[in-house]
Peer 1: 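Next up is a structure, given as structure tokens.
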Amino acid sequence: MGIFHGGRWAVLCCVFALAIAATPRTFLQNRFSVDYEPFQGPWNDDFDWGIIKEVLHKAPGNAVISPLSVKALLALLYEGSASRSETERELLQALSGGNPQAVPKLQDDLLRYKQPQQQQQNLLITDRVFHDNTVTIMQKYHSIIEARYNATTQAVDFQDTVSAAAEINGWIAQNTKGKIQSIIKPDMLQDALMLLINTIYFKGSWSIPFPTNATVQRQFYTGRTYTSSRFGGSRTVSFMKQRERIFYYKQSDQLGAQFLRLPYDSNQLSMIVVLPDEHVSLNQLLARLTPQAVHQTLVDMAEEEVEIELPRFTITYSSSLRECLQQLGISRVFTDQAELPLISRGRTTPLKVSMILQKSCILVDEQGTEASAATEGTLVFTILNQPIKFIANRPFLFLIYDEGKGNWLFAGKVEDPKE
């Protein structure tokens, strides 16, 4: 057993990269809309929406987070918490919301996401516990996280902060296709005993690609304050366009927003774009959103002919989630009273969490000229009524949603596509 220095903490870090594009293909299946069966439940996303609203409301500009990534880290902490302790109670409440089946479902979903066939489809989720080489991880904890989450452990010399940071950043870059680098700085490891890291990388191809020859320059209104008819400043950005295509869509009068489903080619994943009505600000929309209202809107979506104008955007975002999690009732794990004896024992000072970090990257575009050629051969059914116009020329939300499992992989907001 090594010597432990006082005040050394555990650090949790979830990182994720998201690239959304229409990769060049030589053909597209003949379909005018993609089959849609909204998740029927039972849902377990109260915590997801809590973290989404906390982070997006407080972020001053563009932001993207992964609720699933945060839950994966909390699950690793939950497995190391003492039975019937306050730490276990707080973590279990966040993960399950009182549903005894929620944690087993999360474990099963994470294992399925990590299957080789999923990784081949550009959805990569990995978890690793990096610990100082003076820390002995209990074999039982190692076995549990490997069996239930396909997570691994690795000893690192945190005394050599520069080399340790380089080693950890190398692992992160490898598991996010190089999209996320240098998230761990050497000074973060000064008092660290352990880092729990989750990475999520997703690159999706639209089922109905945006033709690149239709992309145009137009105004995006970036103002943070709104009146009934006018927005703040504007910027000229590239807008992707879709015409004469059928999408699932819903105008929610209750929430004051349009919901549009943009499906991907595989994994039962889709992007839900949520555009506030002109008289509704993004913060007003976030305040109105509830899990129940979103669930009902997803069920109520119907096929419509929609003319879409959506800006291309790229977001790189980093944030500490400690304050947000404390607001949501997870506080014990950050204190000297944290009860995590199943991870490691024999310390003279308690093992606690110093911070939970995340850095994310998202790219949304139409990518490549072959995509436009593929769409020309798509079978199209045109509705005789005037098509609905979905013009995202003002701040909006987006969600990456697993329709089969009911998981929110990503959530974000675009306040300025050029930020």
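As the structure is a computational prediction, the values presented were derived from the model and not from experiment.
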Peer 1: Is it true that Phe390 and Phe396 have ring centroids separated by less than 6.0 Å?
Peer 2: no
Peer 1: Would you call Glu307-Arg245 a salt bridge at under 4.0 Å N-O?
Peer 2: no
Peer 1: Quick one: are the ring centres of Phe202 and Tyr113 less than 6.0 Å apart?
Peer 2: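 Not close enough - the centres of the two rings lie 6.0 Å or further apart.
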Peer 1: Quick one: does any side-chain atom of Lys418 pair with a main-chain N or O of Thr236 as donor and acceptor, under 3.5 Å?
Peer 2: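 Checked: pair present.
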Peer 1: With a 4.5 Å cut-off on side-chain heavy atoms, are Tyr141 and Leu76 touching?
Peer 2: yes
Peer 1: A side-chain contact here means heavy atoms from C-beta on lying under 4.5 Å apart; do Leu260 and Gln242 qualify?
Peer 2: no
Peer 1: Less than 3.5 Å apart, any donor N or O on the side chain of Ser238 or Gln217 sitting next to an acceptor on the other?
Peer 2: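 The criterion, which ignores hydrogens and geometry beyond distance, is satisfied for Gln217 and Ser238.
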Peer 1: What I want to find out is whether Glu305 reaches Arg243 closely enough, with some N-O distance under 4.0 Å, to be called a salt bridge.
Peer 2: no
Peer 1: Decide whether Glu403 and Ser270 meet the rule of one side-chain donor and one side-chain acceptor closer than 3.5 Å.
Peer 2: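 On atom types as modelled, these side chains qualify, holding a pair under 3.5 Å.
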Peer 1: Can you tell whether the side chains of Lys114 and Asp127 come within less than 4.0 Å, N to carboxylate O?
Peer 2: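 Result for this pair is yes, salt bridge flagged.
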Peer 1: What is the ring orientation for Trp43 with Trp408, classed by angle as parallel under 30°, tilted 30 to 60°, or perpendicular over 60°?
Peer 2: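 Rings of Trp43 and Trp408: parallel, as their planes differ by under 30°.
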Peer 1: Within the 4.5 Å heavy-atom criterion, are Leu289 and Leu255 side-chain neighbours or not?
Peer 2: yes
Peer 1: Is the shortest distance from a Lys or Arg side-chain nitrogen in Arg332 or Glu90 to a carboxylate oxygen in the other one below 4.0 Å?
Peer 2: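 Here Arg332 does not pair with Glu90 in a salt bridge, since their nearest N and O are not under 4.0 Å apart.
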Peer 1: Between the side chains of Asp416 and Thr222, is a donor N or O closer than 3.5 angstrom to an acceptor N or O?
Peer 2: no
